[in-house]
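Nothing here was measured: the structure is a model prediction, and the numbers come from that model. Each chain gets a letter, A, B and so on, in the order the sequences are listed, and its residues count up from 1.
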Amino acid sequence: MEIDKVYEPQRFEPHWAAWWVGHNTYRAEAHPGQPYFSLAIPPPNVTGSLHMGHMFEHSIIDAQVRWRRMKRTPDGKAVDTLWLPGTDHAGIATQIMVERQLAEEGLSKRDLGRDAFEARVWKWKEENGGRIVEQMKRAGVSCDWSRERFTLDPGLSRAVREAFVRLYEKGLIYQGDYIVNWCPRCQTALSDLEVEHEEGEGSLWHIRYPVVGSDESIVVATTRPETMLGDTGVAINPLDPRAARLHPRNVKLPLTDREIPIVLDEMADLAFGSGAVKITPAHDPNDFEAGKRHDLPSIQVIGEDAKMTAAAGKFAGLDRYEARKRIVAELQELGFLEKIEPYKLNVGKCHRCKTVVEPLVSKQWWMKMKPLAEPAIAAVEDGRITFVPANWSKTYFEWMYNIRDWCISRQLWWGHRIPAWYCGDCKGVTVARETPVKCSHCGSAKLTQETDVLDTWFSSGLWPFSTLGWPDDTPDLRAFYPTSLLVTGFDIIFFWAARMIMLGMEMMGDVPFRQVHIHGLVRDAERQKMSKTKGNVIDPLVVNDKYGTDAVRFGLLVAAAPGNDIALSEEVILRGRKFANKIWNASGLLFSKLPNEPKRESLADRWIGSRLNTAIDRANKAFEHHRYHEAADAVWTFFWDEFCDWYLEVKKSDTDWGFAYQVHEKALLLLHPLMPFITEELWHRRGHQTSIALEPYPQYEPALNDADAEREMKLLQDIVTAVRELRADHKIDRKVKLSGTLSLGGSVPMETIERLTNVGLEVRPREGSGFDLKLDLPEAAGTSDEQRERLKKDNEQLDKIIANSLRQLGNESFVAKAPAHVIDGMRAKLAEYQAQLAKNRAALSE
RNA sequence: GGGCGCGUAGCUCAGUUGGUUAGAGCGCCUGCUUCACACGCAGGAGGUCACAGGUUCGAGUCCUGUCGCGCCCACCA
């Protein structure tokens with residue numbers, strides 16, 4: 001067997017990436033009723049390019065999926081394992097991107113018209129939509145590419161219509177005029193979740209509204225003076241002392257010729273401002289409700305383009321902020337402006353384009369959420385779905401208990417067009433799965449389809465079952481639903497996870513997944529969010545190529561504690577790279593030895609077998625509990641500290657390498673979920689023809705633990721370390737042979753110690769555990785200064801610990817209450833400390 | 001206004017149900033071109049576990065409070 005001298009992942013990673021895809025290595029078989037593990041990928045946007053967030057998430061998913069695929073049932077059977085890949089059409093994001101392209105050509109989407117625009121986006125999708133998929137393939141994710149899906153596929157589109165119609169027929173989808181978040185840039189309504197709130201410095205303008213037929217005025221405070229033109233009322237609290245004399249009266253709205261009523265409403269806080277609040281039903285959610293309570297008209301003074309409407313009179317046509325300036329100036333001039341206070345306020349911004357959203361009244365489609373939320377809450381409450389880490393369920397509940405109806409319509413051209421048709425004759429609405437030929441109310445054929453499309457998250461919400469063939473009852477659906485696990489970031493628990501649960505319960509009558517693993521964010525070394533504008537991104541395409549995908553994966557996973565953000569720097573990746581390099585070189589050493597049939601196992605063989613068993617146990621448990629950093633640490637410690645630093649070093653003086661080969665093979669299997677490429681490469685170098693990914697994962701076997709071997713090996717390590725310490729303390733060149741007396745018992749091979757330490761030793765057994773070490777040191781007959789200092793320090797520590805142990809052991813409560821193994825352990829340790837102290841003192845007195 | 005989380009070695013972080021000198025990587029110091037690996041080997045320094053109380057035989061780990069930092073949700077003008 002041979003191996004390239006240097007670890008160069010670039011030489012084999014692309015090969016295996018293509019090989020896996022070409023061989024359908026990760027193709028899942030559907031056997032309804034059989035054990036399975038399934039996971040639907042959080043579909044990346046088609047417009048996207050692989051970034052570190054994907055890389056991190058995919059590393060986690062891939063580790064879990066690969067482990068599941070390898071893991072066998074108790075009776076040794078493989079489990080049908082499916083990781084279903086796909087992409088999301090990402091309504092707004094994609095539309096914005098194509099609009100930008102058009103803009104470069106001096107065109108707008110309106111110039112093209114709806115059909116041509118849609119065709120244009122599809123064309124873009126066909127040409128470029130596969131980019132991120134190709135990047136994922138290169139990264140080696142173990143998806144079943146034969147089942148790749150796209151949210152606008154015909155099948156998924158059918159699922160969308162089916163779900164929409166069912167919800168509509170149940171009365172869970174309705175249409176209505178309500179106040180919505182309107183993005184003037186994207187020209188569409190947004191759901192509450194798509195609005196980001198940002199605190200900013202604003203002002204509170206106090207404006208005086210004269211009471212009609214009185215000398216009195218009411219002062220209202222507002223953060224948005226431009227909306228005053230749309231005021232249709234002023235509220236004061238019923239408990240306000242002024243209520244009695246002001247209530248059934250009007251105020252004159254400044255800058256207009258309108259009179260508006262004073263109403264009594266608890267929305268006016270006596271303690272805030274002047275205790276009165278203006279009501280603008282058309283431009284504020286609170287006021288919208290107040291308007292309905294008091295039957296006030298709604299006057300829209302700001303349009304969809306964020307410019308003042310004709311209703312704004314002489315301010316018509318002005319941008320809302322320009323209008324604000326003019327209005328304030330005019331109020332001031334006319335003496336209506338009482339005062340201006342600095343004020344902190346939250347402004348809502350479109351999370352796609354960061355434009356300040358405008359609350360507007362608009363006719364939209366809504367989903368009634370309360371009835372859907374109930375079973376979804378129950379599913380988490382009773383444990384049919386669990387969150388990892390568990391605390392995230394609180395966040396989920398918090399949102400679900402306070403859920404509000406979801407605005408699902410978008411005024412976009414890219415997406416699932418709402419399956420509703422308006423009748424030109426009776427004006428009725430027909431909602432249908434297939435394009436209807438006539439109105440369901442009057443039979444008229446004059447039907448025109450709703451132009452709005454659905455929020456992208458509507459189709460995403462169906463993803464766990466729409467991808468498996470729903471609404472048809474397919475073998476895939478029966479074999480793989482509910483999916484086993486969802487892995488995603490906390491930022492989309494509400495956007496996606498919660499909606500999948502609600503729609504899964506509603507459509508399938510069962511949970512969409514049994515576990516939700518919430519991971520953290522990938523940040524830069526300074527814990528800042530990575531963003532192109534900040535220039536702090538680490539591009540996975542660059543580092544995957546430079547250091548190898550395995551290195552990036554391992555670095556990410558070893559740094560990732562459950563749920564915590566990860567501070568990524570090249571240093572983190574380098575850690576993975578170093579480990580891969582180590583694996584490579586250790587394998588090279590092994591391959592230079594003959595793989596003979598293992599004969600009698602040596603101490604080292606028995607020891608490494610036992611250590612391997614422990615690592616296997618740790619890794620399996622870590623994967624089971626989604627603790628990837630622990631899995632990474634387990635394999636790292638085993639492979640580097642134990643296999644390389646001790647086992648291989650000891651084996652170098654051995655000719656019998658058969659057992660080492662066996663351990664190496666197990667180690668590759670153990671490592672595979674974390675580092676798929678290097679393990680596949682080495683697997684094949686060992687002569688295998690099929691993928692390591694389909695082999696059984698090593699299982700912990702209690703019988704393989706070897707306490708004797710561990711104890712003896714520990715002794716060997718202690719001796720070797722002690723001699724090395726002496727050498728270092730006395731600055732003795734390792735080539736200088738030392739001679740001396742060493743007393744120890746057991747079967748520790750002296751040749752090994754001599755080779756590892758370059759010491760010739762005579763061995764004598766010693767009572768109890770531990771050993772004495774005496775060497776003839778060439779020059780420094782006594783104890784070196786460094787050693788002296790260290791011993792002194794060590795003794796101080798020992799004194800403290802011994803005193804502490806004695807105190808505890810002398811404490812009756814402790815002896816009475818502490819478990820036996822703790823007490824025994826402490827006694828044993830105490831003896832060791834005392835022996836150590838005595839030894840140190842002897843050395844010091846030399 | 002609610003909710004969640006964090007503060008452990010110079011830096012980035014681990015630390016399962018409270019239990020036996022608190023760990024890793026990087027960085028640092030001292031040696032080493034030892035025939036797998038300098039992306040390495042060997043040895044070493046470095047921590048009153050934010051602070052103050054409490055529970056306990058025993059607290060980095062549980063409870064309360066304080067300080068500092070972060071995130072999420074929310075229609076208070």
A.B. asks: Side chains of A/Tyr178 and A/Asp405: is there a donor and an acceptor less than 3.5 Å apart?
C.D. replies: no
A.B. asks: For a quick check of understanding: with a heavy-atom distance under 4.0 Å over all strands, which category does A/Glu649 fall into, base, sugar-phosphate or nothing?
C.D. replies: base
A.B. asks: Among B/A14, B/A36, B/G2, which nucleotide sits nearest the side chain of A/Asn564?
C.D. replies: B/A14
A.B. asks: Counting the atoms with a prime plus P, OP1 and OP2 as sugar-phosphate, which does A/Asn346 contact under 4.0 Å by heavy atoms, base, sugar-phosphate, or nothing?
C.D. replies: base
A.B. asks: Among B/A14, B/U56, B/A36, which is the nearest nucleotide to the side chain of A/Lys817?
C.D. replies: B/U56
A.B. asks: By the 4.0 Å heavy-atom rule, please label A/Asn811 as base, sugar-phosphate, or nothing.
C.D. replies: sugar-phosphate
A.B. asks: Does the ring centre of A/Phe591 sit less than 6.0 Å away from the ring centre of A/His664?
C.D. replies: yes
A.B. asks: Report which part of the nucleic acid A/Lys394 touches: base, sugar-phosphate, or nothing (heavy-atom distance under 4.0 Å, all strands).
C.D. replies: sugar-phosphate
A.B. asks: Checking base pairs now: Watson-Crick or wobble, both atom distances under 3.5 Å. What partners B/G1?
C.D. replies: B/C73
A.B. asks: Kindly state each residue pair satisfying side-chain hydrogen bond (donor to acceptor under 3.5 Å, both in side chains) with at least one member in residues 809-819 of chain A, sequence neighbours excluded.
C.D. replies: none
A.B. asks: Base, sugar-phosphate or nothing for A/Arg575? Non-hydrogen atoms, less than 4.0 Å.
C.D. replies: sugar-phosphate
A.B. asks: Strictly by Watson-Crick or wobble contacts shorter than 3.5 Å, is anything paired with B/G7, and which nucleotide is it?
C.D. replies: B/C67
A.B. asks: Among B/G44, B/A74, B/A42, find the nucleotide with the atom closest to the side chain of A/Arg404.
C.D. replies: B/A74
A.B. asks: Once you apply a heavy-atom cut-off of 4.0 Å, does A/Pro359 come out as touching a base, just sugar-phosphate, or nothing?
C.D. replies: nothing
A.B. asks: Checking contacts here: which listed nucleotide (B/A36, B/G19, B/C71) is nearest the side-chain heavy atoms of A/Gln808?
C.D. replies: B/G19
